[in-house]
Amino acid sequence: PGGAAAAPLPEEDCMKLNPSFVGIALSSLLAIDLWASKRLGVCAGEGSAWGSARPLMKVIEVSGHGIPWLLGTFYGLCQSDSLAAREVLLNLLFALLLDLVMVAVVKGLVKRPRPTHNKMDMFVTISVDKYSFPSGHATRAALVCRFVLRHLVLAIPLRVLVVLWALIVSISRVMLGRHNMTDVLFGLLLGYVLYGVVEHCWLSPATAPALFALW
């Protein structure tokens, strides 16, 4: 009937005349992140702008992967004949394992998909690696960088190379199309924080004698 009131529209069909400022800001940042990340993915495929550099970027990708770091640290731990070296290597192993667990947990909770321009040809992946946030390589790069600079005596040129390696590994994640920029930035922040956790829980012959008894 003409005088009957119109049925209200479902909430999802209603126009929000006063969207929150926070919502607008987050949506804008997300759009900028996706746009900039796609523009910077110059090695995402062989036909990309810098496609010829993709093999080099993949070598850099392997240098920041968890498996080489875990195997190398474990081997060094088994071969070391110095208590001080074993202490440093054992804590590096602890840091790498903590990194893997935390990144997997956050990826499983957030479940942000990889960028659409990414090729799923990554080196040794597990189930949560189909997700993008945060970048495990960036997290590991920041964590290892802080650890090495703090616990290894290196000449200044080598210290600079360690920092450059961490930056190059992180940048390569966007260039390869593996991650968006926010994945990498949060990964770097997470790695920085995880190093603080490792320092706080530092393993030593006094605090973890059973572990040192194994080697």
Side-chain angles (χ1 to χ4, degrees), residues 25-26 29-30 32-34 36-37 40-41 57 60-74 76-77 85 87-112 114-115 122-123 125-126 128-129 131-204 207-208:
L26 290 177
L29 287 174
L30 177 61
I32 293 171
D33 179 35
L34 295 176
S37 300
L40 293 172
M57 290 293 105
I60 295 171
E61 177 176 66
V62 174
S63 78
H65 196 280
I67 289 181
W69 278 100
L70 283 170
L71 292 178
T73 303
F74 185 77
L77 187 59
E87 182 174 340
V88 171
L89 288 169
L90 184 61
N91 281 277
L92 178 57
L93 184 62
F94 166 59
L96 293 170
L97 292 173
L98 178 65
D99 160 67
L100 288 176
V101 171
M102 289 304 301
V103 169
V105 168
V106 176
K107 281 187 174 183
L109 290 174
V110 177
K111 295 183 178 179
R112 184 184 194 184
R114 295 269 181 182
M122 295 170 287
F123 174 74
T125 60
I126 58 176
V128 293
D129 284 330
Y131 301 126
S132 178
F133 185 92
S135 165
H137 280 68
T139 304
R140 190 171 305 109
L143 174 62
V144 169
C145 180
R146 285 198 72 192
F147 192 101
V148 168
L149 294 181
R150 174 66 178 82
H151 294 287
L152 295 186
V153 179
L154 300 175
I156 291 179
L158 290 178
R159 296 174 72 85
V160 172
L161 285 177
V162 170
V163 175
L164 285 177
W165 168 80
L167 291 175
I168 291 171
V169 166
S170 301
I171 293 170
S172 73
R173 309 312 293 151
V174 180
M175 293 180 66
L176 278 169
R178 306 295 197 208
H179 292 279
N180 296 304
M181 292 194 304
T182 49
D183 304 331
V184 172
L185 292 175
F186 185 83
L188 289 170
L189 177 62
L190 180 59
Y192 189 92
V193 171
L194 287 180
Y195 173 79
V197 174
V198 173
E199 283 291 299
H200 181 73
C201 304
W202 188 261
L203 304 174
S204 69
T207 59

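None of the values given here were measured: they were computed from a predicted structure. The first residue of the sequence shown is numbered 1, and numbering continues consecutively from there.
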Rounded to the nearest 0.5 Å, what separation is found between the [atom1] atom of [X] and the [atom2] atom of [Y]?
X: Leu77; Y: Asn91; atom1: CG; atom2: CG; answer: 10.0 Å
X: Glu61; Y: Met57; atom1: CD; atom2: CE; answer: 10.5 Å
X: Leu30; Y: Asn180; atom1: CG; atom2: CG; answer: 8.0 Å
X: Ser135; Y: Leu188; atom1: OG; atom2: CG; answer: 7.5 Å
X: Leu167; Y: Ser172; atom1: CG; atom2: OG; answer: 11.0 Å
X: Leu100; Y: Trp69; atom1: CG; atom2: CH2; answer: 13.0 Å

Item to complete: Return the set of residues passing side-chain contact (heavy atoms from CB on, under 4.5 Å) with Met102 (not counting sequence neighbours), or none when no residue passes.
Response: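 Per chain and number, Met102 pairs via side-chain contact (heavy atoms from CB on, under 4.5 Å) with Leu98, Leu194.
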Fill in: side-chain contact (heavy atoms from CB on, under 4.5 Å) involving Ser204 - partner list, sequence neighbours excluded
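Applying side-chain contact (heavy atoms from CB on, under 4.5 Å) to Ser204 gives Glu87, Trp202, Ala206, Thr207.
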Between [X] and [Y], is there a donor-acceptor pair closer than 3.5 Å when you use the side chain of the first and the backbone of the second?
X: Thr139; Y: Gly191; result: no
X: Arg159; Y: Leu149; result: yes
X: Asp33; Y: Met181; result: yes
X: His179; Y: Ser132; result: yes

Practice prompt. Evaluate the criterion side chain to side chain contact (heavy atoms under 4.5 Å, CB included) for residue pair Met175 and Leu40; output intermediate values, then yes/no.
Written response: CA-CA 6 Å; Met175 293 180 66; Leu40 293 172; 5.7 Å; no
If we only count heavy atoms from C-beta on, is the [X] to [Y] side-chain gap below 4.5 Å?
X: Tyr131; Y: Arg112; result: no
X: Leu29; Y: Thr182; result: no
X: Tyr192; Y: Leu143; result: no

Item to complete: Check the surroundings of atom CG in Leu71: do more than 12 heavy atoms from other residues, nucleotides or ligands lie under 6.0 Å from it?
Response: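 Yes, enclosed.
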Fill in: Residue among Leu109, Val110, Val184 satisfying side-chain contact (heavy atoms from CB on, under 4.5 Å) with Phe133
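For Phe133, the side-chain contact (heavy atoms from CB on, under 4.5 Å) test succeeds with only one of Leu109, Val110, Val184, which is Val110.
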Practice prompt. Dump the intermediate steps for side chain to side chain contact (heavy atoms under 4.5 Å, CB included) on Arg114 and Met122, then the final yes or no.
Written response: CA-CA 12 Å; Arg114 295 269 181 182; Met122 295 170 287; 3.7 Å; yes
Fill in: Chi angles and distances behind the side chain to side chain contact (heavy atoms under 4.5 Å, CB included) call for Tyr195, Cys145
CA-CA 9 Å; Tyr195 173 79; Cys145 180; over 6 Å; no
Worksheet item: side chain to side chain contact (heavy atoms under 4.5 Å, CB included) between Val144 and Leu96: does it pass, once the steps are laid out?
Response: CA-CA 8 Å; Val144 169; Leu96 293 170; 4.0 Å; yes
Item to complete: Would you check, one step at a time, whether the test salt bridge (Lys or Arg N to Asp or Glu O under 4.0 Å) holds for Asp183 with Arg178?
Response: CA-CA 10 Å; Asp183 304 331; Arg178 306 295 197 208; over 6 Å; no
Fill in: Least distance between heavy atoms, Phe147 atom then Leu92 atom
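Taking Phe147 first and Leu92 second, the nearest heavy atoms are CZ-N, 3.5 Å.
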Worksheet item: Looking at Trp165 and Gly64, what are the two nearest heavy atoms and their distance?
Response: CZ2-CA, 4.0 Å
Discussion item. Give me each pair satisfying salt bridge (Lys or Arg N to Asp or Glu O under 4.0 Å) with a member in residues 136-150, each pair once, sequence neighbours excluded.
Written reply: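 As it turns out, the salt bridge (Lys or Arg N to Asp or Glu O under 4.0 Å) pairs with a partner in residues 136-150, which skip direct neighbours, are Asp99-Arg140.
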